[in-house]
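This report refers to the structure that appears directly beneath it.
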Amino acid sequence: MLDSQILDQLKGVYQNLENKIELVYKNSEHAKQAELVEMLNSLAQTSDKISVSASSESANAPSFSIKYNGEFNGVSFVGIPGGHEFTSLVLAILNSDLKGKLPDEGIIRRIKSIKGNVKLRTYISLSCENCPEVVQSLNLISILNSNISHEMVDGEFEQEEIERLKIQGVPSVMVEDELFSSGKTNLAALLTKLEEKFGSVDLSDEDRELGTFDVAVVGAGPAGASAAIYSARKGLKTVVIAEKVGGQVSDTKGIENLISVPYTEGPELSSKLLGHMNEYDISILEHRLVKKVENSSLKELTLSSGETLKTKSLIIATGAKWRELGIEGEKEYTGRGVAYCPHCDGPYYKGKDVAVIGGGNSGVEAAIDLAGIVKSVTLYEFLTELKADEVLVKKLESLDNVNIIKNARTSKVIGDGDKVVALEYENREDGSLHEQKLDGVFVQIGLSPNSSFIKDVVNTNKFGEIEIDTKCRTNIAGIYAAGDVTTVPYKQIIISMGEGAKAALAAFEDNMTS
């Protein structure tokens, strides 16, 4: 039963529903069936537009689908969407009535243009923090395109199916019995993969051309949001292009060093960045990447969506992403033994042997967390000493089921065709190769700047960071950069915000004097 506080909040969320939403559950003998029905009936109390009914079909596990105005809209759930997935259910109801945060018209056109009869299933765990974004993105795509259906499946209720499909990580998106997507991803990437696999109706030239702007900001994390707000406050016609508002911050847990804000969390800060940008006349083009930049008096940007736009000033604030090992077998076994999120995928390795690659804070913290779940953890560090904080290192060294191997270069992930079975590494001192049998590899080796799309236009250093001066100017007139994608030292939220403001002010200053 949902508590009264949550029910009161949902009444506010659903107060503007206009059409009928019906939650239709299948009959089941499962021990948790009553729990599902109780939850659905509680949700129905929050709006007179929401109702609950039983279908004539039966199922082994608790499951239900959504009807909108009497017709199934392609969204269904196997299991009880509690924990992180409760929000996915709340949004599925809201989005069914085309309420809540929806993509812009350009993205909606792309979603509606996907061809084929597509049936998707996403296997999740309720403890997974990366799963809801995938579930919510595919639910939305199903709602907007009647040729696509999507079912969320809680792995707890489908253990035999998970074994048959050889799923070792979540979220895992399947098309029939084929793995379509695994691990952390977002609406932009999923939409692109659907277009590539199933095809889509081409956009018209009119739909592709988005116009000309004074300032285009690429990225919507702390640096990008700050640059956009400062540009708009100067009266400049501003557009933001980003995969998602918040960027890497969206995935950050506790934030305690944003001055004047003793504590916040990534999703909350991302929401506030969006809210602040929405206070100004800023065009926000989310769920897109910039594929190409042509440098002339007006910079022309070609987006991953096929759309184009022109701008007088360009500010790059694309941040950084988790670095991959780049070794043989890594990509082939991602989601089948290679993972990047210990919180999400750790439970799948209970009682098994795993490796963590990386001896910085993130790697050591991951090893400590995993040690409480798995049979054993071996941490590999490239250098001769761990780089993590001393307090973390001492904690790690105190654990009985942890082994630390330093001065080691991981060289190959070894699998049997279905899953990871071993890791090959080189002893850097004598060059000898070793092979360790294990069941999973968690990669935690830091960040890589998102500069590949612009590196042939502006100067970057050997790490891929964009080189800038004290006013965030690059070597190309009219192109600026700010935040973690640049050579500025100390990758911190508060520094990125300041750098974004500097870039916008520099662009304004240069426009005034040119």
Side-chain angles (χ1 to χ4, degrees), residues 32 61-63 75-89 91-92 119-142 150-187 189-190 193-194 244 250-251 253 266-267 322 324 330-352 354-356 362 366 369-370 372-374 413 415 418-420 438-444:
K32 292 192 175 182
S63 57
V75 176
S76 57
F77 297 80
V78 174
I80 303 169
H84 293 301
E85 292 300 342
F86 182 67
T87 301
S88 297
L89 172 56
L91 288 177
K119 295 182 179 181
L120 303 165
R121 300 186 93 199
T122 301
Y123 292 83
I124 62 96
S125 71
L126 295 183
S127 63
C128 170
E129 296 178 358
N130 292 329
C131 293
E133 183 169 9
V134 175
V135 171
Q136 291 161 24
S137 296
L138 293 177
N139 282 347
L140 182 59
I141 288 172
S142 299
H150 175 245
E151 185 170 61
M152 182 215 82
V153 182
D154 183 351
E156 176 190 342
F157 296 89
E158 293 281 7
Q159 287 299 311
E160 289 185 8
E161 190 74 355
I162 281 184
E163 277 191 37
R164 183 181 71 81
L165 296 171
K166 299 180 175 64
I167 292 171
Q168 284 192 291
V170 290
S172 287
V173 183
M174 309 295 293
V175 176
E176 301 298 337
D177 287 351
E178 177 187 349
L179 183 65
F180 174 74
S181 174
S182 178
K184 177 178 172 57
T185 188
N186 54 39
L187 177 60
L190 290 165
K193 291 190 75 168
L194 286 167
K244 65 176 179 180
S250 303
D251 305 317
K253 288 193 172 183
W322 291 110
E324 297 177 352
E330 180 182 16
K331 286 191 178 296
E332 291 87 341
Y333 288 98
T334 296
R336 296 188 292 160
V338 175
Y340 300 86
C341 178
H343 302 290
C344 304
D345 295 337
Y348 282 83
Y349 295 87
K350 184 177 181 180
K352 296 183 178 181
V354 303
V356 172
S362 59
D369 290 343
L370 288 166
I373 303 171
V374 303
V413 174
D418 293 325
K419 62 184 184 301
V420 169
L438 44 72
D439 303 292
V441 178
F442 288 83
V443 182
Q444 300 280 291

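For the single chain, residues carry numbers from 1 onward in sequence order.
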key: Of all pairs that satisfy salt bridge (charged side-chain N to carboxylate O under 4.0 Å, His left out), the ones with a partner from residues 130-140, not counting sequence neighbours   =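 Residue pairs with at least one partner in residues 130-140: Glu133-Lys244.
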
List the residues meeting salt bridge (Lys or Arg N to Asp or Glu O under 4.0 Å) with [X], not counting sequence neighbours, and say none if there are none.
| X | result |
| --- | --- |
| Lys331 | Glu324 |
| Lys119 | none |
| Glu151 | Arg121 |
| Glu156 | Lys32 |

Ala339: partners by side-chain contact (heavy atoms from CB on, under 4.5 Å), with sequence neighbours left out =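 side-chain contact (heavy atoms from CB on, under 4.5 Å) list for Ala339, sorted by chain: Asp345, Phe442.
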
Taking side-chain hydrogen bond (donor to acceptor under 3.5 Å, both in side chains) as the definition, give me every residue that meets it alongside [X], ordered by chain and number, with sequence neighbours left out.
| X | value |
| --- | --- |
| Ser88 | Glu85, Gln136 |
| Asp439 | none |
| Glu163 | none |

Quick one: ring-ring contact (aromatic ring centres under 6.0 Å, His included) partners of [X], sequence neighbours excluded?
| X | result |
| --- | --- |
| Phe86 | none |
| Tyr123 | none |
| Tyr333 | none |

query = Are Pro171 and Asn130 close enough that some pair of their side-chain heavy atoms sits under 4.5 Å apart?
reply =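 Yes, at least one pair of side-chain atoms sits under 4.5 Å.
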
